[in-house]
Amino acid sequence: MNIILNKAREYEMNHEGAIKLQKPDFHLASRVGWMNDPNGFSVYNNEYHMFYQYHPYSASWGPMHWGHAKSKDLINWEYLPTALAPDQEYDQFGCFSGSAVTLDDGKHLLMYTGVKKVKLPNGEETDIQTQCIAIGDGVNYKKHPNNPVITADMLPEGCSKVDFRDPKIWRKEDGSYLCVVGNRPADGSGQVVLFSSKNAIDWKYENILSYNGNRLGKMWECPDFFELNEKGVLLISPQDVLPQGYEYGGGNVTACLIGDFDNENNIFKEEINHAIDYGLDFYAPQSVLTESQRRIMVGWMANWDTNGLQNPGREWFGQMSIPRELHVINNRLIQNPVKEIENYRKNKVEYQEVTFKGNKTFEAVKGRRIDLEVIVKPSINCDEFSIKLAQDEVCYTAIKYDVKKSLLTMDRKFSGCRRAVLNEKSAIVPLKDGLLKLRLILDKQSIETFINDGDKAMTMLIFTDLNAEGISFFSDEEITLNLVKYDLVK
């Protein structure tokens, strides 16, 4: 084992016991230090494996390693030793995002972006990004002697040699391999390029799978492609996006492109695109196909514009979203929490056909580790309905619905944040058969909202003390409310 990797493994083992800041119970968080993008989300030897961008030595971004955990049910995660560290000439600046696949011989292959710095003739530094592989047994991985296996020299003229990262590998039915990588064309926007291989080691360029044309931000990071419900689905994370109504916010966002995929010629024809998550804290999603043929997605539950809000001196930062099962219905990506979370539901409380106006609380409806289902039927005169969560005398986070505008808003500006940053996001949500259906997963310092049976999702971190457990409801005019609340208990 090399010195740099061994140092990271020893550090995480020696320091995880000293962590005082509580971690979530139902979301994978960094073992120590910093976590961002999910990587290598895969099934290996009948267990789920999750790797992640990782800087073990501080709770701030640094030279990228790959952290590692595994699970039998997507909810309980067991930490494993650091899988990759920047220890080669081609990845000296970091082992960046990538994916994983099982080979014919039963070995587990990790594919990642290696980054090194080079000095240009004018004295400036630039990145060299290449795609590399490491092969192992689910714990220990050895970088391949042919690395890097995909370089920018393989790209056609006009493609950026600098922005070329985040490979997502998968296998076709014939056993061959495909891989998408984020890139930039000559116009400076974003695109996703496709490569193919017979053995996952020797690769060739295929085509440009999808092209941005400056319609949705600039660089397209962290692509993921799969087929689902007879549609091709491309997940991307565009940077530097200008807001587009309520569909895409500004900055770094996530998007889903849905269309037809010609499996024989590897050609994708986009038909429609929409946001994946409409909240503030969801980025770089990656998916896996389970052994039961479910498509499951997870994302980094943070964002680059506000991750500096963590408390100074904390021992860890970063967590993943709840894993979500995906479907495509009417050219829309539908996402709901994986069914495995239901195994942790306890202490069911139910209220049916409660009609009220003004403020309303229920004695047994409170908590910070809960699964809450709410169905609202506004009266014809109703303008506004809201739920306050994680509430005490000072703090709360609100979910507000403007009935006339069909506008659902998550608002955390009173959740304990002491910085003047964006704390509110909204999405257009029409009533469905006269009803608004919400499912809320709370896990200490996060709220994930699934709307109208998974038609949309909104994810947000909050900063409130864990003693703030209150939940209250408000309507300016009469509404009818149905709700079911479960505690989430391990």
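For reference, positions follow the sequence shown, starting with 1.
- Residues Gln391 and Lys366 fail the side-chain proximity criterion, which asks for heavy atoms closer than 4.5 Å.
- In the model, Thr409 has no side-chain atom that pairs as donor or acceptor with a side-chain atom of Asp411 under 3.5 Å.
- Donor-acceptor pairing under 3.5 Å is recorded for the side chains of Ser97 and Asn39.
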Please tabulate, for side-chain N and O atoms in residues 291-298, each donor-acceptor pair with protein atoms closer than 3.5 Å (sequence neighbours left out).
unit_1: Ser292; atom_1: OG; unit_2: Thr290; atom_2: OG1; d: 3.0
unit_1: Ser292; atom_1: OG; unit_2: Arg294; atom_2: NE; d: 3.4
unit_1: Arg294; atom_1: NH1; unit_2: Glu340; atom_2: OE1; d: 3.3
unit_1: Arg294; atom_1: NH2; unit_2: Glu340; atom_2: OE2; d: 2.6
unit_1: Arg295; atom_1: NH1; unit_2: Ser287; atom_2: OG; d: 3.0

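- Within a 6.0 Å radius of NZ in Lys23, other residues, nucleotides and ligands contribute more than 12 heavy atoms.
- With Tyr57 as the aromatic partner, Lys7 meets the cation-pi criteria of under 6.0 angstrom to the ring centre and within 45 degrees of the ring axis.
- Dense packing is recorded around CD of Gln352, with more than 12 heavy atoms of other residues, nucleotides or ligands lying under 6.0 Å away.
- Every residue two or more places apart in sequence or in another chain that forms a side-chain hydrogen bond (donor to acceptor under 3.5 Å, both in side chains) with Asn467 is listed here: Asp465.
- Side-chain N/O atoms of Tyr54 and Glu12 include a donor and acceptor closer than 3.5 Å.
- Within 6.0 Å of the CG atom in Asn343, the count of heavy atoms belonging to other residues, nucleotides or ligands exceeds 12.
- For His68, the ring-ring contact (aromatic ring centres under 6.0 Å, His included) partners two or more places apart in sequence, or in a different chain, are His49, Phe51.
- A donor-acceptor pair under 3.5 Å is formed between the side chain of Arg31 and the backbone N or O of Leu80.
- Residues Glu342 and Tyr486 bring no donor and acceptor atom of their side chains to less than 3.5 Å of each other.
- Aromatic ring orientation, Phe268 versus Phe225: perpendicular (interplanar angle above 60°, classes split at 30° and 60°).
- Heavy atoms of other residues, nucleotides or ligands lying less than 6.0 angstrom from NZ of Lys437 number 12 at most.
- Each salt bridge (charged side-chain N to carboxylate O under 4.0 Å, His left out) pair with one or both residues in residues 92-111, not counting sequence neighbours, appears once here: Asp104-Arg171.
- For Asp174, the CG atom is densely surrounded, since the number of other residues' heavy atoms within 6.0 Å is greater than 12.
- Considering all non-hydrogen atoms of both residues, Thr306 and Leu422 come closest at CG2-O, 4.4 Å.
- Within 6.0 Å of OH in Tyr11 there are more than 12 heavy atoms belonging to other residues, nucleotides or ligands.
- The heavy-atom pair separating Ala457 from Phe450 by the smallest distance is CB-CD2, 4.1 Å.
- In this structure, Lys490 satisfies the cation-pi test against Phe26, with its NZ or CZ atom closer than 6.0 Å to the six-membered ring centre and inside 45 degrees of the ring normal.
- Just one of Lys348, Lys346, Arg345 meets the side-chain hydrogen bond (donor to acceptor under 3.5 Å, both in side chains) condition when paired with Asp371; it is Arg345.
- Ser446 and Asp443 share no donor-acceptor pair across their side chains, judged by distance under 3.5 Å alone.
- Residues passing the ring-ring contact (aromatic ring centres under 6.0 Å, His included) test with Phe385: none are found, sequence neighbours excluded.
- If you run side-chain contact (heavy atoms from CB on, under 4.5 Å) between Gln53 and each of Trp66, Trp300, Tyr112, only Trp66 comes through.
- By the 6.0 Å contact criterion, NZ on Lys142 is open, its count of non-hydrogen atoms from other residues, nucleotides or ligands being 12 or less.
- Checked by atom type, the side-chain pair Asn147/Gln88 shows no donor-acceptor distance below 3.5 Å.
- In plain terms, the two heavy atoms of Ile169 and Ser99 that are nearest each other are N-OG, 2.8 Å.
- Nearest approach of Cys95 to Lys143, heavy atoms of both residues: SG-NZ, 3.7 Å.
- Aromatic ring centres of Phe226 and Trp170 lie farther apart than the 6.0 Å criterion allows.
- The two atoms that bring Lys444 and Ile462 nearest to each other are O-CD1, 4.2 Å, heavy atoms only.
- The backbone N or O of Val149 sits nowhere less than 3.5 Å from a side-chain atom of Asn146 that would complete a donor-acceptor pair.
- Of the possible polar contacts, one joining the Thr464 side chain to the Ser415 backbone as a donor-acceptor pair under 3.5 Å is found.
- Judged as a ring-ring contact (aromatic ring centres under 6.0 Å, His included), and not counting sequence neighbours, the contacts of Tyr351 are Phe362.
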